[in-house]
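Presented below is the structure to which this report refers.
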Number of protein chains: 2
Amino acid sequence: MGRVTALSAGGEQSRSAPLTAAQTRIVNAALELFARHGVGGTSLQMIADRIGVTKAAVYHQYRTKDEIVLAAAEAEVARLDTVMDAAEAESNRARVRAALLRGIVDLAVERRRTTSTILGDPVVAQLLAHDAGFRQVTDRLYRLLMGDEASSDAYVRAAMLTAAISGAVMHPLVVGLDDDTLREQLLNLARRFLELREPRARRKRPATRRAAKR
Amino acid sequence: MGRVTALSAGGEQSRSAPLTAAQTRIVNAALELFARHGVGGTSLQMIADRIGVTKAAVYHQYRTKDEIVLAAAEAEVARLDTVMDAAEAESNRARVRAALLRGIVDLAVERRRTTSTILGDPVVAQLLAHDAGFRQVTDRLYRLLMGDEASSDAYVRAAMLTAAISGAVMHPLVVGLDDDTLREQLLNLARRFLELREPRARRKRPATRRAAKR
DNA sequence: GTCTATACGCGGATAGAC
DNA sequence: GTCTATCCGCGTATAGAC
């Protein structure tokens, strides 16, 4: 199971092409601006001004704004990849899922003003849906979460769980909560949601492991 | 509490100023285009072209694009208001919550390609956060969902539940599922998530009380 | 009350010089 | 790699026609 993926020393990104110095400057500036003004509210001019160059100079590095958005999003996604690497090092499937859940919640809370703003944008979602590297990461995530189950129940469950975590951290209802409280409650509820079993056997510890229904 | 709002014949909206004929045409066109191209990807020109007028004619009805987005969003939110009206007619609190949950899930699935695309947009969320009528609706929703509970657990729970439902319906994992299946699974899991109780004897003080002001 | 004509500034995008 | 110059579409804005 333990597939080792090569990570760059900077830890900035893993699969896509390594960034040049100029590109790194652009992506970092973009990440800060996206978090503050949203993706649509950030212009190439703002990015250029922040670095101290002209709009066309930025344009020379990335031929379109979408490419910048994609590069910035991939930098965030790379963090998820790292979390999965760590989780996958655990010994059995239950431990892997537990470590993964904790890692995801930690990540979501830690970057509740950054990642969610970027990855939550519908334009970004559209872009990432067509990105091979990103799909690789999400596929891995869903496989780790649901195992080999392919039922509609498993799909909906995984969709709800990821949507709940990423959506809750930037939800208006919880803006007043500090990171520690949010993380604790989120992990607690997410864990129990993931452990929900089919309504048949209600909270009755089954003695034997149920046969894979598949 | 059960305020009866006058609904236009089309059932389009409830609390804000009633729309003129021209405004209704614009909002309807905007809703279709937003669902297809996203909010940021829809220009005033597209809206004007679809109705068969000039851009300036549209601008004459709504002085800014944000006003159009707001009007369109409110038309969607009005549906939620109707669902809450129906749920609140139930006899006791448990029944109200059950009817509400079913109504929310039905609504989310029915408009899985419309509502979520519009209300999920961060720009729209920002706009709605400053809209009095919208906050009234969401406050009512959260009160019906959580009762009078004001604990951080209740906040996180409500945030996760609403995020899970609205986020799951447009999640890549479930695009292949038909509406009936999605609705059934979603309702089932949402119901059980809402019924989760606080586990006993599991207290670990965070101790550090930091001012959560941001 | 609904629309047209026209214009301004900004944003993304491109070509070519240094 | 970075620049200037230029293009077109977009949101915004005003004045006025029916």
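Under a 3.5 Å cut-off, the side chain of B/Gln136 and the backbone N or O of B/Gly133 do not form any donor-acceptor pair. With hydrogens and angles disregarded, no donor-acceptor distance shorter than 3.5 Å links the side chain of A/Arg97 to the backbone of A/Ala87. In terms of modelled atom types and a separation under 3.5 Å, the side chain of A/Thr181 and the main chain of A/Leu177 share no donor-acceptor contact. Of the possible polar contacts, one joining the B/Lys65 side chain to the B/Thr42 backbone as a donor-acceptor pair under 3.5 Å is found.
Running 5' to 3' along DNA chain D, contacts with non-hydrogen atoms of chain A at under 4.0 Å begin and end at D/dG1 to D/dT4.
A/Leu44 places its CG atom 6 Å from the C1' atom of C/dG12, with the value rounded to the nearest Å. For the pair A/Lys65 NZ and C/dA13 P, the computed distance is 8 Å after rounding to whole Å. Regarding B/His60, its NE2 atom lies at a distance of 18 Å from the P atom of C/dT6, rounded to whole Å.
In terms of position on DNA chain C, the residue among B/Arg25 and A/Gln45 whose nearest nucleotide sits closer to the 5' end is B/Arg25. Between B/Gly40 and A/Val58, the one whose closest nucleotide on DNA chain D sits nearer the 5' end is A/Val58. Position along DNA chain C of the nearest nucleotide to A/Ala56 versus A/Met46 favours A/Met46 as the more 5'-ward residue.
Dashed line: the shortest gap from a side-chain N or O of A/Tyr59 to OP1 or OP2 of C/dG12 is not under 4.0 Å. One finds no side-chain N or O of A/Thr64 lying less than 4.0 angstrom from the OP1 or OP2 phosphate oxygen of C/dG12.
Counting any heavy atom pair closer than 4.0 Å across all strands shown, A/Thr54 reaches a base atom. Heavy atoms of B/Ala22 sit under 4.0 angstrom from primed sugar atoms or phosphate atoms, though from no base atom.
Residues A/Asn28 and A/Glu32 have side chains that never bring a donor and an acceptor to within less than 3.5 angstrom of each other.
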Output side-chain donor-acceptor pairs under 3.5 Å for residues 115-125 of chain A, partner residues at least two apart or in another chain, one line each.
unit_1	atom_1	unit_2	atom_2	d
A/Thr115	OG1	A/Glu76	OE1	2.5
A/Thr117	OG1	A/Arg113	O	3.2
A/Asp121	OD1	A/Val123	N	2.8

